[in-house]
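Please read the structure below before turning to the comments.
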Amino acid sequence: MIIGYARVSTEQQELARQTDALTAYGIDELHTEKMTGTKASRPELDNVKMIARAGDTVVIESLSRLGRSSKDLLNLIDEWDNKGVKLVSLKENIDTSTPTGKLLLTVLSAICQFERDITVQRTQEGLKSARARGRKGGRPKANPKAVERAVRLYDSQTQSIKEITEMTGISSATLYRAIRARQQTAN
């Protein structure tokens, strides 16, 4: 069986480019998910791991869709190799059933990890630089008066949560957080 796996990191991103490439390859079964690659457990990838059997091929559009780090990627490929499952990455033109494919995979996964580490390092440097100039980052705090008004409206039980958030301009999460904080203070 040829199993396709596609992933994007957020709900707003589209899977079409990946699924088109996998379909063109000739997969028998497709598994997709919209979830960050930094999570150790991804339901559809876990499902692919579970159903892949000796003689099967797992096809991905790019190595970056599969592993959180070089170590994780290589461990997964080693696990599949031990089960007799082949991996094909279309973008990098890698087929782990060949010695050249295994070599390329090892080198490219190290480069992918290097890119990710550099991105994290640059982000940390940028945040440090911004803090040095007095910027704190993160979302601005909600207006306390708007939160207080939202809680009063909530207590009046005359409007829905959606109406309250539209009227006050605060999010429902902020409203619920204020209600919980009030309850904890009362206890």
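What you are looking at is a predicted structure, and each value in this text was computed from that prediction instead of being measured.
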Inset, instruction - Flag yes if Met1 and Leu30 sit in one hydrophobic cluster, no otherwise; membership is Ile, Leu, Val, Met, Phe, Trp, Tyr, and two members link when side-chain heavy atoms are under 4.5 Å apart. - result: no
Interatomic distance, OG1@Thr96 vs CG@Leu103, rounded to 0.5 Å, equals 13.0 Å
Output yes when Lys86 and Asp56 qualify as a salt bridge under the 4.0 Å nitrogen-oxygen rule, no when they do not.
-> no
query = Is a salt bridge present between Lys102 and Asp81, judged by a nitrogen-to-oxygen distance below 4.0 Å?
reply = yes
field: Donor-acceptor pair between Thr32 and Glu44 side chains, under 3.5 angstrom
entry: no
For this session: For the residue pair Leu45 and Leu66, establish whether any side-chain heavy-atom pair is separated by less than 4.5 Å.
Result: yes
Fill in: Verdict with supporting geometry, Arg122 and Ile118, side chain to side chain contact (heavy atoms under 4.5 Å, CB included)
CA-CA 6 Å; Arg122 286 181 184 151; Ile118 292 295; 3.4 Å; yes
| Is the backbone of Ser89 close enough, under 3.5 Å, to the side chain of Glu92 for a donor and an acceptor to pair up by distance? | no
message = Heavy-atom count check: over 12 atoms from other residues, nucleotides or ligands less than 6.0 Å from Asn93 CG?
response = no
Checklist entry - Side chains of Glu29 and His31: donor-acceptor distance under 3.5 Å anywhere? => result yes
For Arg42 and Thr36 the tightest heavy-atom approach is CD-O, 3.6 Å
- prompt: Between Glu163 (side chain) and Ser160 (backbone), is there a donor-acceptor pair under 3.5 Å?
  reply: yes
Paired with Val58, the side chain to side chain contact (heavy atoms under 4.5 Å, CB included) test is passed by just one of Ile27, Ile51, Val48, namely Val48
**Report entry** Test item: side-chain donor near acceptor, Ser64 and Ser62, under 3.5 Å
**Finding:** yes
* Please lay out, stage by stage, how Lys83 and Asp78 fare under the test salt bridge (charged side-chain N to carboxylate O under 4.0 Å, His left out). => CA-CA 9 Å; Lys83 285 174 70 173; Asp78 190 45; over 6 Å; no
inquiry  = For Phe114, I'd like to know if atom CZ has over 12 heavy atoms of other residues, nucleotides or ligands within 6.0 Å.
reply    = no
Pairwise side-chain contact, Val147 with Leu175, heavy-atom cut-off 4.5 Å (strictly under)
no
Side chain Arg7, main chain Met35, donor-acceptor under 3.5 Å
yes
Tightest non-hydrogen contact, residues Ala21 and Leu90, listed as O-CD1, 3.7 Å
The reported gap from CG in Leu22 to CD1 in Ile60 (rounded to nearest 0.5 angstrom) is 9.0 Å
**Prompt:** Taking it one step at a time, do Lys34 and Leu15 satisfy side chain to side chain contact (heavy atoms under 4.5 Å, CB included)?
**Reply:** CA-CA 8 Å; Lys34 293 187 174 191; Leu15 287 158; 4.0 Å; yes
### Message
Tell me whether Lys91 at atom NZ has more than 12 heavy atoms from other residues, nucleotides or ligands lying less than 6.0 Å away.
### Response
no
Evaluate the side-chain proximity of Val85 to Arg53: yes if any heavy-atom separation is below 4.5 Å, no if none is. no
Hey, does Ile94 have a side-chain heavy atom less than 4.5 Å from the side chain of Val88?
no
Item checked: Chi angles and distances behind the salt bridge (charged side-chain N to carboxylate O under 4.0 Å, His left out) call for Arg152, Glu148 -> CA-CA 6 Å; Arg152 281 196 315 271; Glu148 188 179 308; 3.2 Å; yes
When rounded to the nearest 0.5 Å, the distance separating NZ of Lys145 from CG of Asn143 is 8.0 Å
**Residue pair Ser41, Asp46: steps toward the side chain to side chain contact (heavy atoms under 4.5 Å, CB included) verdict** = CA-CA 7 Å; Ser41 177; Asp46 293 343; 2.8 Å; yes
Counting only heavy atoms not in Glu125, do more than 12 sit closer than 6.0 Å to its CD atom? yes
Between the OG1 atom in Thr185 and the CZ atom in Arg182, the distance rounded to the nearest 0.5 Å is 10.0 Å
Review point. Do Glu33 and Tyr5 have side-chain N/O donor and acceptor atoms under 3.5 Å apart?
Key: yes
Heavy-atom nearest pair, Ala142 first then Thr174, reads CB-CG2, 3.9 Å
Side-chain touch Ile3/Thr57, heavy atoms, less than 4.5 angstrom: no
Review point. Can you check whether Leu153's main-chain N or O pairs, donor with acceptor, with Ser156's side chain at less than 3.5 Å?
Key: yes
Between the NZ atom in Lys141 and the CD1 atom in Ile170, the distance rounded to the nearest 0.5 Å is 13.5 Å
### Message
Determine whether a donor-acceptor pair (N or O, by modelled atom type, separation under 3.5 Å) exists between the side chain of Arg65 and the backbone of Glu61.
### Response
no
Q) Do you reckon Leu87 sits in the same ILVMFWY cluster as Leu76, going by side-chain contacts under 4.5 Å, direct or chained? A) yes
CG (Asp117) and CD (Glu115) are apart, to the nearest 0.5 Å, by 10.5 Å
Start with the C-alpha gap between Thr100 and Thr98, add the side-chain angles, then the distance that decides, and say whether side chain to side chain donor-acceptor pair (under 3.5 Å) holds. CA-CA 5 Å; Thr100 303; Thr98 67; 5.1 Å; no
Worksheet entry | Backbone N/O of Ser9 and side chain of Gln13: donor-acceptor pair under 3.5 Å | yes
